[in-house]
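Here's the structure we're looking at; comments come further down.
Side chains included, hydrogens not; waters and symmetry mates left out as well; all remaining heavy atoms used. One-based numbering, in listed order, for ligands and for the atoms of each.
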Amino acid sequence: MNAGDDTGPALPWHAALWRHMAGGLAADRVAHGLLIAGTPGVGKRSFARRLVSALLCRDRTLGGDACGVCAGCRQRAAGTHPDISRLTPEDGGKAIKVEQVRRFSHALHLTPQYATGRIGWIDPADALSISAANSLLKTLEEPPAGCHIVLVSDRVSALLPTIRSRCQIWTVPAADPAVAREWLTARAFDPARIDDDRLRTPLALLARRDADAGALIEQWDKDLARLLARRVNPVSAAERAIEAERRLWVDWLYRRCNDLLLASLEGGAGTVDHALAEGARRVGRRRLEAWSRRVAEVARTAATNADWRLVVESVFIELSQYVAEATDPHER
Ligand SMILES: [Zn+2]
């Protein structure tokens, strides 16, 4: 599956649908072609992964889930399972091409390494070109023994009717807003101002937040690098941070402070980019250690009603003083 994919905790609004699937798994009556459908953001891939994981496991739990520890489960989690074949658009293209389908169908006919049989994963299935879809029909109609083909699609209506009719369709339901609210809150997402309609697709909300967070973090990293290079004054560098969501920013600050400390160590291979690592080495470990005590204080203050602007500015001012000291030893 995708790098870093894990079965993860089951999504609560999938429970009824999963019970149905678990019954099929227990009775060894899972269809050979399965089309996982549903609105974007309801967790179709999560459901599909859970299913594939269960199909590849040799010691499933009573609830029908993969055990997570058998040889098959371990290989799947490591992304090295030999019996999974994926069919996705290649080279950043949008369509799945007919040559890809030929290779995919061929792979599915090879003898599986495990007795659990081969898995074909097609995602998104609506990316199949017409000729690719036609080429897939035969494999879908007469799949090799023990093989399961899982298709995932946001737009089932865009699939050829001949593909649809050869699959058993599993429509992942939208979340109940109350269930979604609780689930999102447990993931540090505040659902207070989200209307019920958007709450029905909770994963879309999280994906959006992560994308926004990624952009913010990039900006904060830039501000920090400029501060370390003395190209911005601490009060302006603090401006963006003050407006940010506190928890996210404090978390970033805490991690970056540790990253800078690591990068400042002799030969320390940091996880930060070049500009930040350079800055960290200039400031030096001793000063960064002093700064890290201030950072820890900020983390403690975040939940209080201290003047947040002053707190954020002071952490930047202190760092800029260390930068100045390191750059010009007479300035202190
Ligand atoms: Zn297992």
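For residues 181-195, the pairs satisfying salt bridge (charged side-chain N to carboxylate O under 4.0 Å, His left out) are Arg181-Asp196, with sequence neighbours left out.
Annotation: protein N, O or S atoms under 2.8 Å of the Zn ion (ligand 1) (waters excluded) comprise Cys57 SG, Cys67 SG, Cys70 SG, Cys73 SG.
Ser85 and Arg103 share no donor-acceptor pair across their side chains, judged by distance under 3.5 Å alone. The closest side-chain donor-acceptor pair between Thr88 and Asp123, if any, does not fall under 3.5 angstrom. Residues Trp291 and Glu289 have side chains that never bring a donor and an acceptor to within less than 3.5 angstrom of each other.
Between Tyr114 and Gln75, some side-chain heavy-atom pair lies under the 4.5 Å cut-off. Arg230 is not listed as a side-chain neighbour of Ser320, based on a closest heavy-atom distance of 4.5 Å or more.
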